Amino acid sequence: ASTVLSISELSYMDADGDGYISKDETIEVEGFITNTSNSVLRDIVIYLNVSEPKSFSVSPSLTTTLQPGQKIRYTGRVHGNRTRGHTSLGINLSTEYAGKTYTSNTLFVGVK
């Protein structure tokens, strides 16, 4: 099985610039998705995952089409609903295409 999508350069920016996600704060998570195949890929679903989904909410998924070799920037949001008891949050960017899931490395964000 060949990989047709790659996810790279996952990063985040927090609203107050302290490098952490806090209660009631929303951070922006950015990553790049590249179509590494020679075909047009339609109905690619892009979404964020968090290690604590009961305490942190994420923006809705996005569905898109990518041309061969096309690289797009995706920006999603994570909101701290309940941060008490958490010191770190793991975030992944995932794509689903043709029944396969492609997931980024985990980005860890400090919680305070």
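Quantities reported herein were computed from a predicted structural model and do not represent experimental measurements.
- Within the model, atoms NZ of K71 and OG of S8 stand 4.5 Å from one another, a figure rounded to the nearest 0.5 Å.
- Under the ring pair (Phe, Tyr, Trp, His ring centres under 6.0 Å) criterion, F56 pairs with H86, not counting sequence neighbours.
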**OP:** Starting from the C-alpha separation in whole Å, work towards a yes-or-no answer on side chain to side chain contact (heavy atoms under 4.5 Å, CB included) for R82 and K54.
**Re:** CA-CA 8 Å; R82 292 186 304 274; K54 291 182 179 178; 3.8 Å; yes

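- By the 4.5 Å heavy-atom criterion applied to side chains, V109 and V78 are not counted as neighbours.
- With hydrogens and angles disregarded, no donor-acceptor distance shorter than 3.5 Å links the side chain of S37 to the backbone of V4.
- Contact annotation: the side chain of I46 approaches that of L93 to within less than 4.5 Å [non-hydrogen atoms, C-beta and beyond].
- A 4.5 Å side-chain heavy-atom check between N105 and L10 finds every atom pair outside the cut-off.
- Between S104 and I7, the closest heavy-atom pair is CB-CG2, 3.6 Å.
- Atom CZ of R84 and atom OG of S55 lie 12.0 Å apart (nearest 0.5 Å).
- To the nearest 0.5 Å, atom NZ of residue K100 and atom OG1 of residue T95 are 10.5 Å apart.
- A donor-acceptor pair under 3.5 Å is formed between the side chain of Y12 and the backbone N or O of G19.
- Put simply, the side chain of S59 gets close to the backbone of R77: a donor and an acceptor are under 3.5 Å apart.
- Taking hydrophobic clusters as Ile, Leu, Val, Met, Phe, Trp and Tyr residues chained together by side-chain heavy-atom distances below 4.5 Å, I91 does not share a cluster with Y20.
- Separating the OG atom in S11 from the CD atom in E30 is a distance of 5.0 Å, to the nearest 0.5 Å.
- Identified under the salt bridge (charged side-chain N to carboxylate O under 4.0 Å, His left out) test for residues 10-24, with sequence neighbours left out: D18-K112.
- Counting all heavy atoms, side chain and backbone alike, E52 lies closest to L89 at N-CD1, 3.9 Å.
- Considering all non-hydrogen atoms of both residues, F108 and S88 come closest at CD2-OG, 3.7 Å.
- Judged by distance alone, the side chain of T36 and the main-chain N or O of T3 form a donor-acceptor pair under 3.5 Å.
- The nearest pair of heavy atoms linking I21 to G80 is CD1-N, 3.8 Å.
- Residue pairs satisfying the ring pair (Phe, Tyr, Trp, His ring centres under 6.0 Å) criterion with at least one member in residues 24-55, sequence neighbours excluded, are absent.
- Here the side chain of E28 pairs no donor or acceptor atom with the backbone of T75 at under 3.5 angstrom.
- A donor and an acceptor atom, one from each side chain of T103 and N92, are nowhere located under 3.5 Å apart.
- For the pair Y102/I33, no side-chain contact is recorded, criterion being any heavy-atom separation below 4.5 Å from C-beta on.
- Nearest heavy atom pair, residue N49 against residue S94, reads ND2-OG, 2.8 Å.
- Closest approach of G90 and T106 over heavy atoms only: CA-CG2, 3.8 Å.
- Note that OG1 of T65 is 6.0 Å distant from CZ of R42, once rounded to the nearest 0.5 Å.
- Side-chain N or O atoms of N35 include one that pairs as donor or acceptor with a backbone N or O of Q67 at under 3.5 Å.
- With values rounded to the nearest 0.5 angstrom, I44 atom CD1 is found 13.5 Å from Y74 atom OH.
- T63 and D43 share no side-chain donor-acceptor pair at under 3.5 Å.
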